[in-house]
Amino acid sequence: MKTKRLILILFILLCFGARSQGNERPNILVIIFDDAGLDMSVYGSTYVNTPGFDAIAKEGILFNRAYTPNAKCAPSRASIITGRNPWQLDAAANHVIYFPPRFKTYQEVLLENGYATGHTSKGYGPAVTLTADGREREVMGRAFNEKKLQPATKGISNNDYSGNFKDFLEKVPQDQPWSFWVGSIEPHRGYEYGSGKRLGGKTEDMIKDFPPYWPDNEFTRNDLLDYAFEIEDTDKHIVKILETLRQKNQLENTLIVVTSDHGMPFPRVKGDQYENANHIPMAILWKDKMKSVGRVVDDYISFIDLAPTFLEAAGVDWQSSGMHPATGKSLMNIIDSEKSGQIEADRDYVLVGKERHDTGRPGDIGYPIRGIHKNNMLYIRNYEIDRWPKGNPETGYLNTDGSPTKTEILNLRRNGNKKYWKMNFGKRVEEELYDIENDPFCMNNLAADPVYADKKASLKSEMESRLLAQGDLRMIGYGPLYEQAPFVNGRNFYADFMAGKNPKAGWVSDTDFEPYILDGEGNELKKVSVKAN
């Protein structure tokens with residue numbers, strides 16, 4: 001009898017200990033906008049109001065220098081979930097591909113280590129995720145998408161993001177830690193033109209810092225206001241999510257990261273590697289862990305730092321997790337700190353780059369770029385300057401989403417004004433150098449200026465040495481191997497188009513397709529010859 005009683009007591013103690021350990025491990029919540037730039041009101045935006053994002057920043061940490069290594073959905077998100085740069089992820093360096101089965105994600109590891117995991121709406125993608133034997137693979141955990149709502153416009157999703165998060169929480173056992181990903185698809189295009197003014201109460205004069213690489217008129221300003229309205233729509237879900245956490249008494253022990261996968265879906269931003277393309281909003285809150293509120297951090301942060309942060313917070317050893325070695329570095333020292341400004345001296349740079357994004361070039365090739373941000377300078381190397389940066393004109397510049405802004409720029413060229421077309425769609429030089437502090441829109445290329453020769457050489461050398469150490473195939477002459485990864489869809493678009501097969505590209509306008517072959521300066525050379533189908 002005494003033995004049975006002792007066993008019962010030990011069993012109770014073990015169960016209690018297990019529950020205590022589970023409660024001590026934080027919950028992890030990622031809320032990610034789709035295509036939102038640094039346009040939150042806490043960063044000083046004059047035409048976007050984001051009380052949800054701002055609340056996270058004011059109670060936690062606002063990051064001034066957070067970057068994605070690649071300004072396109074799939075490769076950007078691949079970096080978040082693996083802790084590695086795109087050029088270290090084989091096929092996942094690209095957009096719309098088959099995700100390599102050999103790379104595990106932080107969500108899969110947390111699931112293996114006792115966490116409940118899930119996501120709503122857009123997780124990793126667009127891509128196909130399969131196991132090595134061809135089975136479906138939930139790299140972001142189970143999907144929770146049943147809750148729907150009536151969207152404010154036809155361009156906004158009917159997914160009730162905050163409602164689906166609440167649905168997930170109600171299904172998680174009380175003592176089990178969880179990790180959830182809220183993947184908004186706003187402010188991804190398309191927009192309902194005029195919604196920013198009609199529904200958001202916005203006016204064109206609210207935009208105070210208009211990008212100089214676009215024509216400034218009613219259409220482009222309204223395009224920005226519609227973009228702003230969609231950001232605010234998702235931000236309302238952030239407010240509701242915070243309230244749900246408070247009601248369930250889980251706000252204190254939840255590590256919350258709010259960010260965006262890259263900059264706005266406008267020409268010269270999304271799909272590029274300039275400052276506004278890669279510089280993303282980021283705020284982090286973990287009330288139980290943080291010693292002070294309202295901190296502003298100036299360290300250079302990359303998306304590759306997030307997965308190491310999550311595993312360290314959860315008490316999971318990276319080396320035994322089954323994940324490939326992380327290039328990123330955990331942010332726990334910054335979260336633990338009480339300081340603002342620069343916290344860790346060695347966080348003084350980030351690397352950026354791209355391989356192949358959308359389809360539309362002959363042979364399904366890409367436009368490879370590498371770059372480094374350091375000390376408010378940006379060095380960029382374009383490796384194939386004979387190619388079109390945003391995709392071939394005759395196939396609609398498919399690496400730039402269709403929009404009123406894009407249409408305005410293309411029509412101006414057709415009417416003789418090539419100024420904006422050259423900045424957004426024209427061919428580029430091999431090297432670019434920008435002083436981000438004084439030239440945040442990257443308008444003045446300093447690469448050929450003798451005054452900056454030493455700085456350019458230093459940045460180039462550091463970039464290449466770091467990329468070489470990371471195994472970047474571009475550094476050893478094997479970059480074309482990245483382009484061998486097949487598209488999931490859109491394969492051979494250029495060849496099919498020229499053969500008269502009329503392939504579909506639903507993310508651009510029909511008028512984006514140029515009827516003439518152009519040179520790099522925007523001059524029309526000859527009529528596009530498409531075979532009769």
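All values below were derived from every heavy atom in this structure, side-chain atoms included, with hydrogens, water molecules and symmetry-related copies excluded. All values reported here derive from a predicted model rather than from experimental measurement.
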Q) Heavy-atom distance under 4.5 Å between the side chains of S321 and K104, does that happen here? A) no
Q. Is it true that the side chains of N94 and K72 contain a donor and an acceptor less than 3.5 Å apart?
A. no
Q: Measure the shortest side-chain to side-chain distance between L481 and D90 over non-hydrogen atoms and say whether it is less than 4.5 angstrom.
A: no
Q.
Test: ring-ring contact (aromatic ring centres under 6.0 Å, His included). Region: residues 137-167. Which pairs qualify, not counting sequence neighbours?
A. F144-F168, Y161-H237, F165-W178, F165-F180
Q) Mind checking whether F425 and Y397 have parallel, tilted or perpendicular rings, split at 30° and 60°? A) tilted
Q: Heavy atoms only: give me the nearest F303-S260 pair and the separation to one decimal.
A: CZ-O, 3.0 Å
Q: Look at atom CD of E170 and say whether more than 12 heavy atoms of other residues, nucleotides or ligands are closer to it than 6.0 Å.
A: yes
Q. Just how far is it from atom OG1 of T309 to atom CG of L255, taken to the nearest 0.5 Å?
A. 7.5 Å
Q | Side chains of N145 and N164, donor plus acceptor under 3.5 Å | A | no
Q | CA sep, side-chain torsions, deciding dist, call: R387, E483, salt bridge (charged side-chain N to carboxylate O under 4.0 Å, His left out) | A | CA-CA 14 Å; R387 302 178 187 177; E483 299 172 326; 2.8 Å; yes
Q.
Could you measure the distance from the OG1 atom of T50 to the CD1 atom of I56? Nearest 0.5 Å is fine.
A. 11.0 Å
(Q) Centroid separation under 6.0 Å, is that true for the rings of Y227 and F266? (A) yes
Q | Side chain to side chain, H279 and H373, heavy atoms closer than 4.5 Å | A | no
Q) For the atom pair CG (L467) and CD1 (I476), what is the distance rounded to the nearest 0.5 Å? A) 11.5 Å
Q. Picking from D272, T68, D35, what satisfies side-chain hydrogen bond (donor to acceptor under 3.5 Å, both in side chains) with H262?
A. D35
Q: Calculate, to the nearest 0.5 Å, the distance between atoms CD1 and OH belonging to I436 and Y274 respectively.
A: 10.5 Å
**Q.** Q470 atom CD, neighbour heavy-atom count above 12 within 6.0 Å
**A.** yes
Q. What residue pairs, at least two apart or across chains, pass ring-ring contact (aromatic ring centres under 6.0 Å, His included) with a residue in residues 470-502?
A. F497-F513
Q) If you measure from the Lys or Arg side-chain nitrogens to the Asp or Glu carboxylate oxygens, is any gap between E355 and R474 under 4.0 Å? A) yes
Q: Compare every heavy atom of I280 with every heavy atom of Y43, then report the nearest pair and how far apart it is.
A: OH-O, 4.5 Å
Q) Can you find a heavy atom in the side chain of K418 that is under 4.5 Å from one in the side chain of E521? A) no
(Q) Within a 6.0 Å radius of atom CG on N158, are there more than 12 heavy atoms belonging to other residues, nucleotides or ligands? (A) yes
(Q) Counting only heavy atoms from other residues, nucleotides and ligands, does the tally under 6.0 Å from NZ of K147 exceed 12? (A) no
Q) Does N417 offer a backbone N or O that forms a donor-acceptor pair with the side chain of N415 under 3.5 Å? A) no
Q) Going by atom types only, do E186 and S157 share a side-chain donor-acceptor pair under 3.5 Å? A) no
Q: Report the residue from Y420, F441, W421 that forms a ring-ring contact (aromatic ring centres under 6.0 Å, His included) with Y213.
A: F441
Q.
Is it the case that the side chain of D226 and the backbone of G196 share a donor-acceptor pair, with hydrogens and angles ignored and the cut-off at 3.5 Å?
A. yes
Q.
Give me the atom names and distance for the closest heavy-atom approach of P101 to A132.
A. CB-N, 3.7 Å
Q: Could you tell me whether R413 and E524 have a side-chain N and a carboxylate O separated by less than 4.0 Å?
A: yes
Q) Between T131 and D133, is any side-chain donor less than 3.5 angstrom from a side-chain acceptor? A) yes
Q | Polar contact flag, side-chain donor to acceptor under 3.5 angstrom, E394-N392 | A | yes
Q. Side chain of K427, backbone of D386: donor and acceptor closer than 3.5 Å?
A. yes
Q: In plain terms, say whether D401 and R189 are close enough for a salt bridge, that is, a side-chain N and a carboxylate O under 4.0 Å apart.
A: no
Q. Can you name the nearest heavy-atom pair linking P69 to S79, along with the distance?
A. CG-OG, 3.3 Å
Q | N492-D496 side chain donor-acceptor pair, cut-off 3.5 Å | A | no
Q) How many angstroms lie between atom CZ of F103 and atom CD of E108, to the nearest 0.5 angstrom? A) 12.5 Å
Q. Who pairs with K166 by side chain to side chain donor-acceptor pair (under 3.5 Å), at least two apart in sequence or on another chain?
A. none
Q) Quick one: does T327's side chain get under 4.5 Å of R466's, heavy atoms only? A) no
Q.
So, taking the atom named CG in N85 and the one named CG in D472, what distance separates them when rounded to the nearest 0.5 Å?
A. 9.0 Å
Q: Give a yes or no on whether a salt bridge exists between D34 and R77, defined as a side-chain N under 4.0 angstrom from a carboxylate O.
A: yes
Q.
D305 vs S302, test: side chain to side chain donor-acceptor pair (under 3.5 Å). Steps then yes/no.
A. CA-CA 6 Å; D305 299 325; S302 173; 5.2 Å; no
**Q.** Any side-chain donor near an acceptor of the partner, N70 and H357, under 3.5 Å
**A.** yes
Q. Does R381 come within less than 4.0 Å of E431, counting only side-chain N to carboxylate O?
A. no
Q. With a 4.5 Å heavy-atom cut-off, do H95 and D358 have their side chains touching?
A. yes
Q: Find out whether I81 and M140 are in side-chain contact, i.e. whether some heavy atom of one side chain is under 4.5 Å from a heavy atom of the other.
A: yes
Q) Does Y300 have R65 sitting over its ring (NZ/CZ under 6.0 Å from centre, angle to axis within 45°)? A) yes
Q: Can you establish whether the number of heavy atoms outside K148 located under 6.0 Å from its atom NZ is more than 12?
A: yes
Q. Between D364 and T359, is any pair of side-chain heavy atoms under 4.5 Å apart?
A. yes
Q. What heavy-atom pair brings W507 and L398 nearest, and what distance separates the two atoms?
A. NE1-O, 2.7 Å
(Q) Could you check whether atom CZ of F210 has more than 12 heavy atoms from other residues, nucleotides or ligands sitting under 6.0 Å from it? (A) yes
Q | Whether W181 and Y106 hold their rings parallel, tilted or perpendicular, with breakpoints at 30° and 60° | A | tilted
